[in-house]
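Atom set for the values below is all heavy atoms of this structure, side chains included, hydrogens, waters and symmetry mates excluded. Each chain gets a letter, A, B and so on, in the order its sequence line appears, and its residues count up from 1.
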There are 2 protein chains.
Amino acid sequence: MATSAATATTKERILDATAALFMRYGYTGTGLKQIVADANAPFGSVYHHFPGGKEALGVEVIHRSGAMYEELVMSVFDAADDIVGGVRDCFAGAAEVLRATDYADACPIETVALEVASSNEPLRIATAEVFERWTAAASSRFSAAGFDAPAARELAIFVISQLEGAFVHARASRTTEALDVAGKIAATVVEAALRDLPVS
Amino acid sequence: MATSAATATTKERILDATAALFMRYGYTGTGLKQIVADANAPFGSVYHHFPGGKEALGVEVIHRSGAMYEELVMSVFDAADDIVGGVRDCFAGAAEVLRATDYADACPIETVALEVASSNEPLRIATAEVFERWTAAASSRFSAAGFDAPAARELAIFVISQLEGAFVHARASRTTEALDVAGKIAATVVEAALRDLPVS
DNA sequence: GTCTATACTTTGATAGAC
DNA sequence: GTCTATCAAAGTATAGAC
């Protein structure tokens, strides 16, 4: 929003175009030529800005997209009344986006993670780092809600896994049913855990 | 097991090799040349047995792999004492496989679903059909355990989404933590739902 | 039906003019 | 730094000998 596609630097346009393409076609399905075409950049600029080629570009895009989703989710939690509402809103928001975009885009982290975990170690590490950052961020929210560190981490891992899994299911079947069900149950789990807290 | 790689027909060897490659490299990451090399088959045999080319081969592999996983999961439930144990064993088994194979293979359905949901409609439909078959199969198990149809379907969707999501997370981070946490919470959810049943 | 050779396209990557 | 031309390799697909 701060920078339009027209005024952004070449490097930023390449990063943004790559992130968008990864969401739709994944890592192997996205070609460098399509990236420069979408970014309105000359082909050579990819290797000028990313001497490491497609792999280095992919690693940077994974980290950027990961940070973007982290901010997005945190803002959803900030806007919610409590932690249970935050969890519920995350699933509802994902379903909303899926419907609004006609089920076009997936989570690029998850897609790339599945594609390259066995064949490209730098990219696998990048996806694992993003998952760990998300887990840490969500954990801090659950800690703030009163859970001790191990319980907070477990709930974080549970909610993130549930969100990712339901998202794939929903996008493939072009229905938000999986996200609706997952969100309802995830909220119930967190609510029940909250009730069992010594001091609540 | 019934047919060794040496005695299987050319078509079966192609299907098996493709299924194995999809688990590791996905759909776009798997080349026809690598498929025939792994299957010890001449290149032309792909188009002889699959006139629809790579896409038709992919659709058949998705259905085959989907049916294979369905049988596998059902056998896990058959071997378990009750439905809660079955759920727990599914996650434990997935973690075990991941460790034993050094986190090499992913679920091909999920990988392909993420890669092609926006770019290849026949393949997207195939993955959606597999998800729906899994849901129906798991639903019937939950129904047999005493849940009514809507509740059984919700639990089925929840468990499958949770399993898929945790699997990606675990493989990317090369730890079974996500599957361990997901399995524990999923079993707890089913157990609690079972307790709330009118007649239990 | 089996298998080989090849056509055509696209891929990631590089060299070098400007 | 920007941009173009081109490379070698790999991608899918096809034609046709056997």
Side-chain angles (χ1 to χ4, degrees), chain A residues 5-22 24-62 108 111-112 115-116 118-124 126, chain B residues 5-22 24-62 108 111-112 115-116 118-124 126:
Chain A
T7 60
T9 65
T10 300
K11 185 173 181 176
E12 279 168 344
R13 291 202 313 278
I14 289 174
L15 286 165
D16 290 343
T18 306
L21 288 166
F22 279 7
R24 229 161 266 208
Y25 310 109
Y27 179 77
T28 46
T30 297
L32 251 27
K33 298 194 176 172
Q34 193 178 355
I35 289 172
V36 295
D38 286 21
N40 256 82
F43 190 81
S45 62
V46 172
Y47 286 90
H48 173 69
H49 294 290
F50 304 94
K54 188 186 184 183
E55 181 182 289
L57 169 58
V59 167
E60 191 155 336
V61 166
I62 290 296
T111 308
V112 176
E115 286 182 277
V116 306
S118 294
S119 55
N120 188 314
E121 190 65 1
L123 273 173
R124 178 197 72 76
Chain B
T7 60
T9 65
T10 300
K11 185 173 181 178
E12 279 169 343
R13 290 202 314 277
I14 290 174
L15 286 165
D16 290 344
T18 305
L21 288 166
F22 278 7
R24 228 161 268 208
Y25 310 108
Y27 179 76
T28 45
T30 297
L32 252 27
K33 292 184 181 178
Q34 193 178 354
I35 289 172
V36 296
D38 285 22
N40 257 83
F43 190 81
S45 61
V46 171
Y47 288 89
H48 173 69
H49 293 290
F50 304 93
K54 189 186 183 183
E55 180 181 290
L57 169 58
V59 167
E60 191 156 336
V61 166
I62 291 297
T111 308
V112 176
E115 287 182 276
V116 305
S118 293
S119 55
N120 187 313
E121 190 65 1
L123 272 172
R124 179 197 69 78

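- How far OG1 of B:T18 is from CD of B:E60: 10.0 Å, rounded to the nearest 0.5 Å.
- The backbone N or O of B:S118 sits nowhere less than 3.5 Å from a side-chain atom of A:R24 that would complete a donor-acceptor pair.
- Atom pair B:K11:NZ and C:dT2:P shows a separation of 12 Å (rounding to whole Å applied).
- In this structure, CG on A:L15 lies 11.0 Å from CZ on A:R13, to the nearest 0.5 angstrom.
- Atom P of nucleotide C:dT14 and atom NE2 of A:H48 are separated by 15 Å, given to the nearest angstrom.
- Using a 4.0 Å cut-off on heavy atoms, the residues of residues 30-44 of chain A that approach DNA chain D are A:P42, A:F43, A:G44, listed by number.
- With rounding to whole Å, A:E55 atom CD is found 16 Å from C:dT11 atom C1'.
- As a whole-Å value, the separation of A:F50 CZ from C:dG12 P is 15 Å.
- Judged by distance alone, the side chain of B:E115 and the main-chain N or O of B:Y27 form a donor-acceptor pair under 3.5 Å.
- Whole-Å rounding puts the B:L123 CG to D:dT12 C1' distance at 15 Å.
- Of the listed nucleotides (C:dT2, D:dT2, D:dT12), D:dT2 has the atom at the smallest distance from the side chain of A:H49.
- A donor-acceptor pair is defined here as one N or O able to donate and one able to accept, closer than 3.5 Å; such a pair exists between the side chain of B:T9 and the backbone of B:E12.
- B:K54 has its NZ atom 8 Å from the P atom of D:dA13, to the nearest Å.
- In this structure the side chain of B:F50 reaches within 4.5 angstrom of the side chain of B:K11, judged on heavy atoms.
- Atom-to-atom, OH of A:Y27 to C1' of C:dT11 comes out at 12 Å; the value is rounded to the nearest Å.
- Between B:Y47 atom OH and C:dG1 atom C1' the separation is 18 Å, expressed in whole Å.
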